[in-house]
Amino acid sequence: MSEPTFYEKVYEVVRLVPPGRVTSYGAIAKYLGAARSSRLVGWAMNVSHGVVPAVPAHRVVNRQGLLSGKAHFGDVNAMEVKLTAEGIEVVNDQIQHFDRIFWDPEKDLTIT
DNA sequence: TGAATGACTCGAT
DNA sequence: GATCGAGCCATTC
């Protein structure tokens, strides 16, 4: 056991992502005050595998809306299936209408 | 303590 | 417009 680290903060933000929406690593990093630490967010996701409650890492994608981390879900299709189940269109591992379903932690109170 | 890693991002060519 | 390279920051060995 250790004190809350950068990862714990990342988990909190990722869990705030509403279903049917997606966010980017940079957005989370920026919200945490480390916009340049976008890689740390990805690292946190790597540790989030055994974290509870589960972290909807499938709602976190890169700046291009590409499922860059789908290969780390165990099944490369798991991420796409989860996103599609929430109503998100994914084609060729890329999210469609990404700018439309993009969710920003700082705008969690903003309307669609 | 120092060096290496990483599911990213931006800038330049 | 697409592709390549460097930067950046926190955690781990």
Side-chain angles (χ1 to χ4, degrees):
Chain A
M1 311 303 236
S2 305
E3 298 177 11
T5 57
F6 189 88
Y7 305 153
E8 300 259 338
K9 297 178 182 178
V10 175
Y11 305 150
E12 291 266 330
V13 178
V14 176
R15 285 184 294 212
L16 289 173
V17 180
R21 301 279 175 183
V22 293
T23 187
S24 64
Y25 300 94
I28 298 171
K30 184 178 181 181
Y31 180 75
L32 298 177
R36 307 287 194 251
S37 305
S38 48
R39 299 169 120 191
L40 279 305
V41 181
W43 199 282
M45 296 291 100
N46 189 15
V47 188
S48 69
H49 275 272
V51 176
V52 284
V55 179
H58 62 275
R59 293 180 190 154
V60 184
V61 295
N62 65 357
R63 203 37 138 158
Q64 300 176 350
L66 187 71
L67 311 186
S68 54
K70 68 166 195 170
H72 289 252
F73 272 76
D75 291 337
V76 295
N77 292 336
M79 190 171 185
E80 181 176 339
V81 170
K82 289 178 182 178
L83 291 171
T84 304
E86 294 186 355
I88 300 174
E89 293 183 72
V90 181
V91 178
N92 215 358
D93 301 335
Q94 186 172 351
I95 297 177
Q96 304 302 298
H97 309 291
F98 177 66
D99 295 346
R100 214 153 110 145
I101 62 175
F102 178 76
W103 177 86
D104 198 332
E106 294 183 344
K107 296 180 181 178
D108 59 344
L109 299 178
T110 308
I111 60 173
T112 55

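All chains are named by letter (A, B, ...) in the order of the sequence lines, taking the proteins before the strands, and each is independently numbered beginning at 1.
The residue His49(A) sits close to a base: some heavy atom pair falls under 4.0 Å. Backbone-only engagement by Phe6(A) is indicated by non-hydrogen atom pairs under 4.0 Å involving sugar-phosphate atoms exclusively. Base contact: Phe73(A) has a heavy atom under 4.0 Å from a base atom.
Residues Val55(A) and Val13(A) share a hydrophobic cluster, clusters being chains of Ile/Leu/Val/Met/Phe/Trp/Tyr side chains in contact below 4.5 Å. By the criterion of side-chain heavy atoms lying less than 4.5 angstrom apart, applied directly or through intervening Ile, Leu, Val, Met, Phe, Trp or Tyr residues, Met45(A) is grouped together with Leu40(A) in one hydrophobic cluster.
Between the side chain of Tyr11(A) and the backbone N or O of Ala44(A), at least one donor-acceptor pair lies under 3.5 Å. Distance alone, capped at 3.5 Å, is enough to place a donor-acceptor pair between the Asn62(A) side chain and the Gln64(A) backbone. Listed for the Arg21(A) side chain is no donor-acceptor partner under 3.5 Å among the backbone atoms of Trp103(A).
Counting to the nearest Å, the P atom of dC8(B) and the NZ atom of Lys30(A) are 19 Å from each other. Rounded to an integer number of Å, the gap from CD1 of Ile28(A) to P of dC8(B) is 12 Å. In this structure, Tyr11(A) atom OH and dA7(B) atom C1' are separated by 12 Å, rounded to whole Å. Note: CD (Gln64(A)) to P (dA7(B)) measures 15 Å, nearest angstrom. Following rounding to the nearest Å, Asn62(A) (CG) and dA7(B) (P) show an atom-to-atom distance of 12 Å.
Residues from residues 36-46 of chain A with heavy atoms under 4.0 angstrom of DNA chain B, sorted by number: Ser38(A), Arg39(A), Leu40(A), Gly42(A), Trp43(A), Met45(A), Asn46(A).
Bounding nucleotides for the chain A contact on DNA chain C, 5' to 3', at a heavy-atom distance below 4.0 Å, are dG7(C) to dT11(C).
Here the shortest heavy-atom pairing between Ala27(A) and Pro105(A) reads O-CG, 3.7 Å.
More than 12 heavy atoms of other residues, nucleotides or ligands lie within 6.0 Å of CZ in Arg15(A), so this atom counts as buried by the packing criterion. Phe73(A) CZ: more than 12 foreign heavy atoms inside a 6.0 Å radius.
Across Lys82(A), Glu86(A), Lys70(A), a single residue satisfies side chain to side chain donor-acceptor pair (under 3.5 Å) together with His58(A), and that is Glu86(A).
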